[in-house]
There are 4 protein chains.
Amino acid sequence: MEFTLAGRRCKPCEGGVPALTEAQARELLPQLDAHWKLAPDGKSIQAQFNFRNYWQTTAFVNAVAWIAHQEDHHPDITFGYKTCTITYNTHAIGGLSDNDFICAAKVDALLRRPE
Amino acid sequence: MEFTLAGRRCKPCEGGVPALTEAQARELLPQLDAHWKLAPDGKSIQAQFNFRNYWQTTAFVNAVAWIAHQEDHHPDITFGYKTCTITYNTHAIGGLSDNDFICAAKVDALLRRPE
Amino acid sequence: MEFTLAGRRCKPCEGGVPALTEAQARELLPQLDAHWKLAPDGKSIQAQFNFRNYWQTTAFVNAVAWIAHQEDHHPDITFGYKTCTITYNTHAIGGLSDNDFICAAKVDALLRRPE
Amino acid sequence: MEFTLAGRRCKPCEGGVPALTEAQARELLPQLDAHWKLAPDGKSIQAQFNFRNYWQTTAFVNAVAWIAHQEDHHPDITFGYKTCTITYNTHAIGGLSDNDFICAAKVDALLRRPE
């Protein structure tokens, strides 16, 4: 499991490292579920999740907040009655880092259906 | 307390009633805390709240979600590490209703400081 | 509203003040909703709340947590699928203080039905 | 991962199957983190988790609630300022089932430290 994105942990990122290039980001993207999109400027990834009702939505928001706490990496979260949009980028470097993809993969794992 | 916005309850709104005019909305706005702004098109109200950390922010988000549940009126909520933006409007009528102001006043009450 | 329990704020309690006597606690109890009971030893108050499902229950738990945060006074909360039990006492004085009744009244306000 | 407890999904349990024997439960227990204990009567498992503050505690509670939702299997959760106790058993069969161990393993995964 250590080799999958979801099995890795975020590394502290205080800046000083280069952001992922758009090519690097496009290479990582297929490791995430298909709802994740790269922003046109290549500086963030975003996914929209749909739910049946407000309870599912808020429970999911809290589960994503737990990941943010564990990884010390905090997305922008927007939600309404049945929908939640999550955006990851790494402020300190003004673009995407591995951390963004690691957290996105952990969000995907929250929703993984049984095998 | 029944005469304050925060003391009222949302009425079910299935549409069919007219939205508040911009003048009506501007008249209600002073009953809310000063961080609430009317959107330029007069169709929604929005406020940004700042917190010390992620815990405060997510606890606040959950408290607002409780109001949404109690009133059956659900805002758009966007939050990151230390900030949360709340937008109320009434989808069914394509603009603002009393319900938006009632819920905004209840959000204000969450943050009321001791007398 | 300043004269009701729910309209007051908790005072910091570091101990050094006497706990409420059982007689004092019994006098405050009628200001709370009827589900609050005094423990047989007079040192805590407890109420059980029933909900329709897990979402209602967890949303309520989060709303109570917000009160705990705002008042810096933290109850014991036990919950399962459709039920939540809340117990207030003041550890620092080994018994009940006004703070416990203030917070319990605020919990009641969360569930207040429309007038 | 499919062969670990945390990688499995709960099966619907409406009763009609026998509960795990205490011997079976004792055999599964080492697959969980060491804080999980079998109740003296062999009918439930329980663990206590300690945190630094209320925020960590409530964030954890919400993360456990998400697992409960995903697996449709709901523990008893008790929490205060810095501590949270979780108890799993399967009401429908009056004792323990595989589902209890699967969910407990998923709770452990929430707290897994980086490799």
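Letters A, B, ... are given to chains in the order of the sequence lines, protein chains preceding strands, and every chain is numbered from 1. Treat the numbers as computed from the prediction; the structure is a model and nothing was measured.
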Step through the atoms of chain C and chain D and list each donor-acceptor pair whose separation is under 3.5 Å.
unit_1, atom_1, unit_2, atom_2, d
C:Asn62, OD1, D:Asn62, ND2, 2.8
C:Asn62, ND2, D:Asn62, OD1, 2.8
C:Ile77, N, D:Phe79, O, 2.9
C:Ile77, O, D:Phe79, N, 2.8
C:Thr78, OG1, D:Thr78, OG1, 2.9
C:Phe79, N, D:Ile77, O, 2.8
C:Phe79, O, D:Ile77, N, 3.0

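Of all the listed residues (D:Ala68, D:Gly80, D:Ala65, D:Cys84), the one sharing the greatest number of non-hydrogen pairs under 4.5 Å with chain C is D:Ala65.
Qualifying side chain to side chain contact (heavy atoms under 4.5 Å, CB included) partners for D:Ala19, counting only residues two or more places apart in sequence or in other chains: D:Ile93.
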